[in-house]
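Here's the structure, in structure tokens; my notes come after.
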Amino acid sequence: MKNIDISNIFNKMADLLEIKGENVFRIRAYRKAAFNIESLGKDISLLTQAELKDIPGIGGDLAGKIEEYLATGRLQAYEELIKDVPESLVTLLKVPGLGPKTVSLLYSRYNVKDIDALERLAREHELKKIPGIREKTETNILKGIEMLKRTSARYPIGKVLPVANDILGYLSGHAPVGKLSAAGSVRRWKETIGDIDILSTSEDPAAVMNAFTRMPDVKEILMKGPTKSTVVLEGGLQVDIRVVDEESYGAALAYFTGSKAHNIRLREIAVKGGLKLNEYGIFREKDSRKMGGAREEEIYEILKLQFVPPELREDTGEVEAASAHSLPHLLELKDIKGDLHVHSNWSDGNMELEDLAEVPIAKGYRYIAVTDHSKGLGVARGLHEERVIEQRKAIDAMNKKLRGFRLLAGIEINIKNDGGLDFDEEILKSFDIVVASVHSGFKQSKEQITKRILTAMENPFVSVIAHPSGRLIGEREAYEVDMEEVLQGASKTGTAIEINAYPLRLDLAEPYIRLAKSKGVSLAISTDSHNSGQFDNMVFGVSLARRGWLEKKDVLNTLDLNRLLIGIKKKRKTGKT
DNA sequence: GCCGTTTTCGGCCCGACTGTTTTCAGTCG
């Protein structure tokens with residue numbers, strides 16, 4: 001999809017315009033358009049001019065630029081821009097502490113075009129000869145360059161959340177905090193996190209700042225003020241804290257949860273209603289009288305909006321829906337009745353079949369599907385036909401012992417490079433549920449991979465397509481696949497699509513979840529557990545589903561066992577649920 | 001550059017902290 005290309009080019013243009021000192025609102029318009037294109041969820045190259053202009057933040061001019069880029073693969077305005085301002089300056093903006101004004105100064109007066117040149121000047125102590133730059137700034141720039149070199153930009157939420165919880169635990173034990181919460185993208189359950197934001201109330205903010213900056217894992221204090229501090233942890237993760245009064249906690253929580261785009265929308269609505277919204281509360285414009293702010297809910301009430309769950313706060317339509325009081329009733333963890341993708345030690349899991357049900361039963365589930373790999377995945381000790389029959393006997397024996405809970409006999413069947421499956425129909429029909437997935441041939445063309453998955457979905461015994469894009473966040477890109485086609489096929493054949501809850505997968509990605517929902521595709525949220533601890537990953541899948549606006553009715557494994565089995569049989573009979 | 005049940009022109013969110021300065025610009029979120 002060209003969405004990412006166009007989004008990147010608009011973001012880059014925004015950076016360059018900023019260095020040029022252009023109108024800030026024009027710059028914001030480019031960024032907003034870039035963001036909305038990235039989260040569009042459908043292929044921008046298929047839209048008409050009128051449909052382009054329907055995208056929020058895209059008017060006649062940007063629609064024209066998009067069309068030009070799609071038609072020619074180039075953009076005149078962009079090429080003009082980089083004649084004025086070298087493209088490489090964009091990387092300078094990535095140095096923490098270095099903004100457009102300084103970059104512009106460095107370039108226009110000293111011809112600094114990239115990080116190497118900047119670093120050289122700083123090391124030779126030439127930078128501090130520049131008016132407005134002294135010793136401190138020079139050292140900070142060097143530190144910023146170091147930081148940029150060693151830290152990856154964003155971390156998967158699965159790695160960040162435990163750290164955030166540790167910090168919350170530490171602060172409640174070592175600082176005089178009242179209310180305490182993670183905010184920012186952690187609270188919104190974004191799939192990757194840039195930094196951790198912590199918010200607290202306290203009678204003694206200075207003591208909180210001290211405790212925070214003296215936490216055991218702190219490697220460096222970037223900033224320490226009376227109510228706000230920033231540190232870098234061992235390992236490079238940045239953490240911000242902010243302390244406010246009890247009366248401001250709700251407003252501050254809303255503010256620091258973001259997203260920035262969502263906040264801007266709220267403030268615009270406030271301004272239109274003669275109000276002013278900031279992190280301290282919501283105030284009447286004419287006499288500055290405080291109307292609320294202690295509770296987050298108040299902010300939305302006063303703005304006449306439905307309360308927006310943090311997962312939806314991305315300015316992708318939730319403000320409009322909240323205004324019309326038509327937000328979805330989001331799926332909750334307690335709605336989940338089972339897990340449809342679980343491995344035992346019959347293939348590459350480490351759980352005995354006999355122990356498999358223990359954790360799910362404790363969670364209140366009614367069923368899980370045992371979906372070990374099929375023979376094509378040799379590295380994962382995939383099951384051959386004889387082993388399938390053997391395992392089935394073991395599963396049946398287990399089910400005789402279980403009350404109110406069922407182990408479904410399943411398989412994670414390998415989709416071969418030509419779209420065929422590892423087993424023939426005779427074996428396939430013996431399973432309660434068949435989950436199909438791609439584990440090889442990642443380098444195939446988009447057409448081939450798409451065709452492969454479509455072919456697999458045509459099979460009446462395939463109930464779910466697992467980890468549909470194959471991505472591993474920060475480790476492996478998704479294979480090239482036309483996800484819109486796949487979702488269309490899923491809708492046509494009555495096949496469910498998995499939301500894989502493993503934190504490094506989180507696959508299906510969020511824009512496609514919304515698209516799937518709009519096409520009436522059923523989603524299965526599964527942990528792909530290989531050990532008993534991984535059942536807990538369900539919360540990541542549910543949160544991702546919430547970010548995709550899913551409700552209970554959209555999710556296959558919220559069904560009770562009978563309804564689930566009826567659905568599976570229906571596709572087997574008619575090819576469509 | 002976008003947008004409009006007050007508007008097709010004139011708006012467009014708001015504050016903390018730092019560093020280099022004597023009152024504030026730049027950066028960040």
Side-chain angles (χ1 to χ4, degrees), chain A residues 10 13-14 17-19 21-36 52-66 77 92-106 127-128 130-141 143-144 183-185 188 193-199 205 209 221-231 238-244 248 251-252 254-283 285 293 299 303 315 319 323:
Chain A
F10 281 176
M13 286 178 80
L17 290 168
E18 206 170 11
I19 294 168
E22 267 279 355
N23 178 305
V24 291
F25 299 109
R26 186 172 172 224
I27 293 160
R28 186 185 296 171
Y30 273 92
R31 289 201 205 287
K32 191 181 172 112
F35 176 81
N36 286 334
L52 284 176
K53 283 205 259 185
D54 275 347
I55 302 172
I58 293 186
D61 182 272
L62 289 181
K65 287 190 167 72
I66 293 167
L92 283 178
L93 283 180
K94 296 198 197 313
V95 178
L98 212 54
K101 292 288 197 293
T102 316
V103 168
S104 171
L105 175 76
L106 288 169
L127 273 188
K128 64 179 179 185
I130 296 172
I133 296 179
R134 289 288 170 268
E135 191 85 42
K136 242 343 201 315
T137 306
E138 189 175 81
T139 339
N140 283 344
I141 285 176
K143 273 204 249 175
S185 48
R188 302 202 312 279
I193 308 290
D195 58 14
I196 298 177
D197 294 293
I198 307 281
L199 177 70
M209 295 299 110
I221 300 167
L222 292 184
M223 180 198 287
K224 186 180 174 190
T227 64
K228 180 180 170 180
S229 295
T230 300
V231 299
Q238 187 173 310
V239 190
D240 296 343
I241 193 167
R242 183 74 183 271
V243 178
V244 296
S248 297
Y255 178 76
F256 291 110
T257 297
S259 65
K260 190 173 173 173
H262 179 84
N263 286 346
I264 289 175
R265 294 297 306 279
L266 294 193
R267 287 173 182 205
E268 284 170 358
I269 291 171
V271 168
K272 281 186 188 129
L275 299 162
K276 190 174 87 160
L277 176 62
N278 59 28
E279 62 260 56
Y280 299 109
I282 184 157
F283 304 86
E285 186 63 50
I299 305 299
L303 295 176
D315 191 22
V319 177
S323 176

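Convention: sequence-line order gives letters A, B, ...; per-chain numbering from 1.
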| request: Apply side chain to side chain contact (heavy atoms under 4.5 Å, CB included) to the pair A:I269 and A:V319, showing each step before the final yes or no. | output: CA-CA 10 Å; A:I269 291 171; A:V319 177; 3.6 Å; yes
Heavy-atom donor-acceptor pair, [X] side chain to [Y] backbone, under 3.5 Å:
X: A:S185; Y: A:R188; answer: no
X: A:D197; Y: A:A183; answer: no
X: A:E18; Y: A:P100; answer: no

[N] to [M] separation - [atom1] atoms, rounded to the nearest Å:
N: B:dG29; M: B:dC13; atom1: C1'; value: 12 Å
N: B:dC2; M: B:dT6; atom1: P; value: 23 Å
N: B:dG1; M: B:dT8; atom1: C1'; value: 14 Å
N: B:dA16; M: B:dG11; atom1: C1'; value: 26 Å
N: B:dT27; M: B:dT20; atom1: C1'; value: 14 Å
N: B:dC9; M: B:dC14; atom1: C1'; value: 25 Å
N: B:dC17; M: B:dC12; atom1: C1'; value: 26 Å

Name the nucleic acid region contacted by [X], choosing base, sugar-phosphate or nothing; use a 4.0 angstrom heavy-atom cut-off, strictly under.
X: A:K136; value: sugar-phosphate
X: A:K32; value: nothing
X: A:E135; value: sugar-phosphate
X: A:L277; value: sugar-phosphate

[N] phosphate, OP1 or OP2: any side-chain N/O from [X] under 4.0 angstrom?
X: A:T137; N: B:dT20; value: yes
X: A:Q238; N: B:dC28; value: no
X: A:T102; N: B:dT27; value: yes
X: A:R31; N: B:dG1; value: no
X: A:R267; N: B:dC13; value: no
X: A:Y280; N: B:dA16; value: yes
X: A:S259; N: B:dG29; value: no
X: A:N140; N: B:dG19; value: yes
X: A:N263; N: B:dC13; value: no

Just how far, in rounded Å, is [atom2] of [N] from [atom1] of [X]?
X: A:K228; N: B:dA16; atom1: NZ; atom2: P; value: 9 Å
X: A:F25; N: B:dC3; atom1: CZ; atom2: P; value: 15 Å
X: A:D240; N: B:dG15; atom1: CG; atom2: P; value: 19 Å
X: A:I269; N: B:dC3; atom1: CD1; atom2: P; value: 16 Å
X: A:Y255; N: B:dC28; atom1: OH; atom2: P; value: 14 Å
X: A:L98; N: B:dA25; atom1: CG; atom2: C1'; value: 15 Å
X: A:I282; N: B:dC13; atom1: CD1; atom2: C1'; value: 13 Å
X: A:K65; N: B:dG1; atom1: NZ; atom2: P; value: 5 Å

Candidates [options] - which lies nearest the side chain of [X]:
X: A:V271; options: B:dC2, B:dC13, B:dT27; value: B:dC13
X: A:M223; options: B:dC2, B:dC17, B:dT27; value: B:dC17
X: A:N278; options: B:dT27, B:dG15, B:dC13; value: B:dG15
X: A:R28; options: B:dC17, B:dT27, B:dC13; value: B:dC13
X: A:R134; options: B:dC2, B:dA16, B:dT20; value: B:dT20

| task | Between A:E279 and A:F256, name the one whose nearest nucleotide on DNA chain B is closer to the 5' end. | result |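 By nearest-heavy-atom nucleotide position, the 5'-most residue is A:E279.
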| field | Nearest-nucleotide comparison on DNA chain B, the residue closer to the 5′ end among A:S229 and A:I133 | value |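 Its nearest nucleotide lies further toward 5', so the answer is A:S229.
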| Applying a 3.5 Å limit to both distances, which nucleotide forms a Watson-Crick or G-U wobble pair with B:dT8? |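 B:dT8 is paired with nothing.
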| task | Test A:D315 against A:K32 for side chain to side chain contact (heavy atoms under 4.5 Å, CB included), laying out the working first. | result | CA-CA 10 Å; A:D315 191 22; A:K32 191 181 172 112; 3.7 Å; yes
| Which atom pair, heavy atoms only, marks the closest approach of A:P205 to A:P226? |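 Where A:P205 meets A:P226 most closely, the heavy atoms are CB-O, 3.5 Å.
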| request: For residues A:F10 and A:A33, report the shortest heavy-atom separation together with the two atoms involved. | output: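 In terms of heavy atoms, the two residues are closest at CD1-CB, 4.2 Å.
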| request: Taking only Lys NZ, Arg NE, NH1 and NH2, and the carboxylate oxygens of Asp or Glu, determine whether A:K228 and A:E279 approach each other closer than 4.0 Å. | output: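 Salt bridge flag = no for A:E279 with A:K228.
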